[in-house]
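Working notes for the structure below.
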Amino acid sequence: AQSVTQLDSQVPVFEEAPVELRCNYSSSVSVYLFWYVQYPNQGLQLLLKYLSGSTLVKGINGFEAEFNKSQTSFHLRKPSVHISDTAEYFCAVTRRGGAQKLVFGQGTRLTINP
Amino acid sequence: ETGVTQSPTHLIKTRGQQVTLRCSSQSGHNTVSWYQQALGQGPQFIFQYYREEENGRGNFPPRFSGLQFPNYSSELNVNALELDDSALYLCASTIGLGDGYTFGSGTRLTVV
């Protein structure tokens, strides 16, 4: 079975500051990793995904994440945030091989202050 | 454009009633999953359908059931509603995991 731990439930940052949202996962098998963003009263939008290859993954809206197999982490970063980045961010994992269920973390609420 | 449409957007039901939630996936997305997201929580996997057959189920009781149709639409049915069933229900579809899942905007169910 897979599990995901998002280490921060809330992250407040000032506009134009860098941010890192932390995600650790647990799995006995190889996995795919995802970050989703959820704006208020909306569904989930895929930010980026790691399937294989380069451990640094670039996504939409200037976000990137780095897969670290030895530390079982997949932290999300952005060098300069905007007010519009205020949202809930979810890290998710699924086992490799076909279309498998996503296991989500509890989410991190990113709040951008002017 | 999400490509996944859910209806209705909001719904209020009374405890003990039954409810049907609907999802229309993108053409060609032969795998559809349903998730329950309680307030302040991450989504929890309910079940998944592939080519109209259930091929995975999370830790939900049998009163949660589903259907997938040949036209890429699907349904989530919940019988004997309980107060704890109040949540956002999300439908997600994919053509293959390399593409990731595309989520709908969800149905907000309130049980009173």
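In what follows, chains carry the letters A, B, and so on, assigned in the order in which the sequence lines appear, proteins first and then strands, with residues in each chain numbered from 1.
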Next on the checklist: For A/Phe90 versus B/Gly42, what's the shortest heavy-atom pair and its separation?
Outcome noted: CE2-CA, 3.4 Å
Checklist outcome for this item: The reported gap from OG1 in A/Thr94 to OH in B/Tyr101 (rounded to nearest 0.5 angstrom) is 6.5 Å
Checklist entry - Using a cut-off of under 4.5 Å for heavy-atom pairs, which of B/Pro43, B/Gly40, B/Gly58, B/Gly56 has the most such pairs with chain A? => result B/Pro43
Item to check | Contacting moiety of A/Gln38, where chain B heavy atoms sit under 4.5 Å | outcome: side chain
Item to check | Contact class of B/Gln37 relative to chain A, heavy atoms under 4.5 angstrom | outcome: side chain
Checklist entry - How about A/Glu16: does its CD atom have over 12 heavy atoms from other parts shown lying under 6.0 Å from it? => result no
Checklist entry - Mind checking whether B/Leu11 and B/Val4 sit in one hydrophobic cluster, side chains of I, L, V, M, F, W, Y counted as touching below 4.5 Å? => result no
Checklist entry - By a 4.5 Å heavy-atom criterion (distance strictly below it), what part of A/Gln42 contacts chain B: side chain, backbone, both, or neither? => result backbone
Next on the checklist: Counting C-beta onward and ignoring hydrogens, is there a side-chain heavy-atom pair between A/Leu102 and B/Tyr35 closer than 4.5 Å?
Outcome noted: yes
Next on the checklist: Please check if the number of heavy atoms outside A/Ile60 that lie under 6.0 Å from its CD1 is greater than 12.
Outcome noted: yes
Item to check | Other residues, nucleotides, ligands: >12 heavy atoms within 6.0 Å of B/Arg63 CZ | outcome: yes
Item to check | Atom CG of A/Asn41: over 12 foreign heavy atoms under 6.0 Å | outcome: no
Next on the checklist: Rounded at 0.5 Å granularity, tell me how far OH in A/Tyr36 sits from CG in B/Leu90.
Outcome noted: 11.0 Å
Checklist outcome for this item: Distance col, row A/Lys101:NZ vs B/Arg57:CZ, nearest 0.5 angstrom, shows 12.0 Å
Item to check | Neighbour count >12 (heavy atoms, 6.0 Å) for atom CG, B/Leu67 | outcome: yes
Next on the checklist: Surrounding CG of B/Asn71 (heavy atoms of other residues, nucleotides or ligands, distance under 6.0 Å), is the total greater than 12?
Outcome noted: yes
